[in-house]
Amino acid sequence: LDSLVIDRILKRFYVDDAFVPTKLNLNKATEEELSKHPYIRYKLASAIVAYRFQHKQFEHTDDLLKIKLIDATSYERMRPYLSLSE
């Protein structure tokens with residue numbers, strides 16, 4: 001983005017320092033819950049649930065990288081919104 005556009009955005013919007021994103025539990029979230037997340041489309045949500053069914057539970061969030069639909073860039077974008085516990 002042009003630096004002028006960035007300056008305008010920064011003047012109008014901010015993220016509060018106390019903001020904590022809502023996290024999705026990879027071991028419990030349904031396909032529907034996962035697919036509601038802006039970075040996770042239905043096809044990917046389906047693959048996540050299928051992987052969980054086949055391998056029992058995720059032990060680490062980076063286990064998502066074993067799913068062929070997820071590359072390192074996508075994973076890094078999703079990572080702050082994922083957890084393995086309540």
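All values reported here derive from a predicted model rather than from experimental measurement.
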Is E76 paired with R79 through a side-chain N to carboxylate O contact shorter than 4.0 Å? yes
Minimum side-chain heavy-atom gap L44-Y39 below 4.5 Å: no
Could you measure the distance from the CZ atom of R77 to the CD1 atom of I40? Nearest 0.5 Å is fine. 10.5 Å
Tell me whether V5 shares a hydrophobic cluster with L10, the cluster being built from Ile, Leu, Val, Met, Phe, Trp, Tyr side chains joined at under 4.5 Å. yes
Hey, are the side chains of T61 and L84 touching, using non-hydrogen atoms and a 4.5 Å cut-off? yes
Flag yes if more than 12 heavy atoms outside R41 fall under 6.0 Å of its CZ atom; otherwise flag no. no
Would a hydrophobic clustering, with Ile, Leu, Val, Met, Phe, Trp and Tyr connected at side-chain separations under 4.5 Å, put Y51 with L69? yes
Just how far is it from atom CG of L82 to atom NE2 of H37, taken to the nearest 0.5 Å? 7.0 Å
Nearest 0.5 Å please: distance from the CD atom of Q54 over to the NZ atom of K56. 10.5 Å
Closest heavy-atom pair, E31 versus A45, reported as atoms and distance to 0.1 Å, is O-CB, 3.5 Å
State yes or no: do F13 and F19 share one hydrophobic cluster built from I, L, V, M, F, W and Y residues joined by side-chain heavy-atom distances below 4.5 Å, directly or via other members? no
Looking at D17, I'd like to know if its CG atom is crowded, meaning that more than 12 non-hydrogen atoms belonging to other residues, nucleotides or ligands lie closer than 6.0 Å. no
Reported CD-to-OG distance for the pair E32 and S35, which is rounded to 0.5 angstrom: 6.5 Å
Mind checking whether I67 and L65 sit in one hydrophobic cluster, side chains of I, L, V, M, F, W, Y counted as touching below 4.5 Å? yes
Calculate, to the nearest 0.5 Å, the distance between atoms CZ and CG belonging to R8 and L4 respectively. 4.5 Å
Give, for atom CD1 of I70 and atom CG of L64, the distance between the pair rounded to the nearest 0.5 Å. 4.5 Å
Testing the basics here: between V49 and A29, what is the closest heavy-atom pair and its distance to 0.1 Å? CG2-O, 4.3 Å
By the definition side-chain contact (heavy atoms from CB on, under 4.5 Å), identify the one residue from L24, L26, N25 that meets it with K28. N25
